[in-house]
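Heads up: the structure comes next, in structure tokens.
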Amino acid sequence: MVLRVFNTMSGKMEEFKPLQDKHVGLYVCGPTVYDWAHLGHARTYIAFDVIVRWLEFKGYSVFYVQNITDVGHLTTDTAEDKIVKRAIERKVEPMQLVEVYMREYFKDLDALDVKRPDISPRATGHLLEMIEAIQSLIQKGYAYEVNGNVFFDVSKLDDYGKLSKIKLDAMLEGSRFEVHQDKKNARDFALWKRAAPETVLKWWSPWGTGFPGWHIECAIMGLKYLGSQFDIHGGARDLIFPHHENEIAQSEAMTGKKPFVKYWLHTGFLKINGEKMAKSLGNYITVREALKKYSAEAIRLFVLSTHYRSEIDFTDERLKGAETSLKRLYNTLESLEDTKKVSAKREPNEVEQKFGENVEKLRGEFVKAMDEDFNTPQALAALFELSKEINRFLDEQKQVNAEILEKVYDSFSELGKALGLFQQEKTEKKVGGKIADDLVQLLFDLREELRKKGDYGLSDEIRARMKELGLVIEDTAEGPKWKLA
RNA sequence: GCUGGGGUGGCUGAAUGGUUCAGGCGGUGGGCUGCAGACUCACUCUAUAUGGGUUCAAUUCCCAUCCCCAGCUCCA
């Protein structure tokens, strides 16, 4: 089946065809590491995690590059480097700050079961390449130097603005930012900035000491690791302008090859209780805080319940709902595992045949949804229907054909895993320590004796008190089962 | 001001020029259970912002109006 994606560049759905056969080059803009990762990061990187997983599901090998920005990202108000500013506030070395938040970023994303990129290149590790590139842009006439600052001359390109569809003249009217006095043209952007004497984070360059602009790093690292042209470039939608627009300008000016990127994918923003997430509103939630309250997979399920390009609203109600629906999927998975133990090696009967066909049909619906620009809400609908179909079947059947059961189990878990779900170890039916396990078993056996005698008062009390200890007992038709809550 | 995206049931969130608008969450009732849980079935009243138009037929296409959001300035 054909995969189609929505390309921001064309504004349309397009058939996905990588530049080289079954290989996909992917670049996603990473974080500026001066603070904790927040839920907005989680949304974007979970979305791209699922995109990577789906490409792999489709048989592509994906080479995934995601940068770490550790210099050059300026604040608006004072035009200071964000990292330098925070480092001064905290009285630490800028690179110390970077190191701390970079490590914490990886920890948080690991905790969310987001697979790491193949390479996480840092801006400061690519100064030489950036300086060379800037020199080449000056040489080719696309950039100019004034007072130790180097700017990209946007007027040299006739297709500037093609990604964001921005009209340059109109853009300046409502805009409030001050134009740097050395710029020839207000829309020009900095490639290299002169450092103030007291600036800590600076490097030598042909134009004096300074530091690189923000947009040049991604252009350089993309070119270096993925080549002058590659398949997918992603990020949140706020990066479309100016960041990605400027990346295109620089890269295409430098290499002379168009297009720099074949497919541009952008994720929608995350809101908190209907409001934009912002520090000024006091509704800023870090990944770490969220993980104290909700499981990683519930957060993932919540993210996937909305299409990646749409805005998504983070509320307690929805997260609790995600937690419940996740449990539903896990219950089905466990039922399948339990039934596997009593499956039979014999010819499948008519009911089983039909069941196998239904499962195949739903699997097809899931694949179709994902192939249509990674439509995870629709894919999830198919997964839940599959769950229901399986539950219904298992409720009726005592002993199931082993081959069919195996196939159904594989399908169900494979699809869940394609979304990054079902990462949890199967609930360990161990408390820890042989004596403790044996004691649980002893209580368990005694409770069964009581139930057989009809002493429900005491057996229910045992169940209630075991629950308080985190051991959930469920009495089923096949006998009692227990698991850790 | 300019550019773009939207308004679907109690909440959320897909889809579609045409038999009953998916799925999840929540609620109510039933089944199964000694009970509970899990699972399952049914229901959740006229659910597609409003007003026009095109059409045999529109929630879907077109126009207008109202409202919301985003980008244009740092942001994932």
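Every chain is numbered from 1 and lettered A, B, ... according to where its sequence line falls, protein lines coming before strand lines.
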Gap in Å between the two C1' atoms, one belonging to B:rC56 and one to B:rG10, rounded: 37 Å
Sugar-phosphate only, base, or nothing, as touched by A:Leu301 at under 4.0 Å among non-hydrogen atoms: nothing
A:Glu275 CD to B:rC68 C1', straight-line distance once rounded to whole Å: 14 Å
NZ/A:Lys327: more than 12 non-hydrogen atoms of other groups inside 6.0 Å: no
Interatomic distance, A:Asp35 CG vs B:rA76 P [rounded to whole Å]: 10 Å
Gap in Å between the two P atoms, one belonging to B:rG31 and one to B:rA58, rounded: 43 Å
Sugar-phosphate, base or nothing in reach of A:Thr332, heavy atoms under 4.0 Å: nothing
Nucleotide of B:rC69, B:rC74, B:rG71 approaching A:Phe241 most closely (side-chain heavy atoms): B:rG71
Base-contact (B) and sugar-phosphate-only (S) positions in nucleotides 25-38 of chain B, heavy-atom cut-off under 4.0 Å, - elsewhere: SS-------BBBBS
Whole-Å distance separating the CG atom of A:Leu326 from the P atom of B:rU12: 21 Å
Sugar-phosphate, base or nothing in reach of A:His307, heavy atoms under 4.0 Å: sugar-phosphate
Any strand: nucleotide that pairs with B:rC2 via Watson-Crick or wobble, under 3.5 Å: B:rG71
Derivation and outcome, side-chain contact (heavy atoms from CB on, under 4.5 Å), residues A:Thr306 and A:Asp313: CA-CA 9 Å; A:Thr306 303; A:Asp313 194 11; over 6 Å; no
Presence of A:Thr306 side-chain N/O under 4.0 Å of B:rG13 phosphate oxygens OP1/OP2: yes
Integer-rounded Å distance: B:rC74 P and A:Arg86 CZ: 17 Å
Sole residue of A:Thr376, A:Ile46, A:Leu265, A:Val50 in side-chain contact (heavy atoms from CB on, under 4.5 Å) with A:Tyr308: A:Leu265
Any-strand Watson-Crick or G-U partner of B:rC21, both distances under 3.5 Å: none
Between B:rG26 and B:rU19 - C1' atom distance, rounded Å: 30 Å
Spacing of A:His244 atom NE2 relative to B:rA70 atom C1', expressed in whole Å: 16 Å
Mutual orientation of the aromatic rings belonging to A:Trp54 and A:Phe366 [parallel < 30°, tilted 30-60°, perpendicular > 60°]: tilted
Interatomic distance where CD belongs to A:Glu311 and C1' belongs to B:rG13 [whole Å]: 14 Å
Comparing A:His243 and A:Gln378 on RNA chain B - which has the more 5′ nearest nucleotide: A:Gln378
Check: A:Phe211 ring centroid to A:Trp192 ring centroid under 6.0 Å: no
Aromatic plane relationship, A:His233 with A:Tyr27 - under 30° parallel, 30 to 60° tilted, over 60° perpendicular: tilted
P gap between B:rC62 and B:rU16, integer Å: 15 Å
A:Phe269-B:rA76 aromatic stacking (under 5.5 Å, under 30°): yes
Nucleotide opposite B:rA49 in a Watson-Crick or G-U pair, distances under 3.5 Å: B:rU65
Side chain of A:Ala381 - closest among B:rG23, B:rA76, B:rG71: B:rG23
Whole angstrom value for the distance that separates P of B:rU73 from CZ of A:Arg187: 13 Å
Contact under 4.0 Å: A:Arg309 side-chain N or O vs B:rG6 OP1/OP2: no
Interatomic distance, A:Glu461 atom CD to A:Leu450 atom CG [nearest 0.5 angstrom]: 10.5 Å
Nearest-angstrom distance from the residue atom CG of A:Asp371 to P of B:rA15: 14 Å
Distance flag, aromatic centroids of A:His307 and A:Phe6, threshold under 6.0 Å: no
Comparing A:Ala382 and A:Asn375 on RNA chain B - which has the more 5′ nearest nucleotide: A:Asn375
Note: A:Asp81-A:Lys193 ion pair, threshold 4.0 Å (strictly below): no
Between B:rU8 and B:rG51 - P atom distance, rounded Å: 16 Å
Spacing of the P atoms in B:rC43 and B:rG23 (rounded, Å): 12 Å
Candidate list A:Leu362, A:Leu421, A:Leu386, test side-chain contact (heavy atoms from CB on, under 4.5 Å), partner A:Leu415, passing option: A:Leu386
Phosphate OP1/OP2 of B:rG5: any A:Lys165 side-chain N/O under 4.0 Å: no
Touch class at under 4.0 angstrom, heavy-atom based, for A:Arg392 against every strand present: sugar-phosphate
Inter-nucleotide C1' distance (B:rC61, B:rG18), Å rounded: 15 Å
B:rG9 versus B:rA47 - spacing of their P atoms, nearest Å: 9 Å
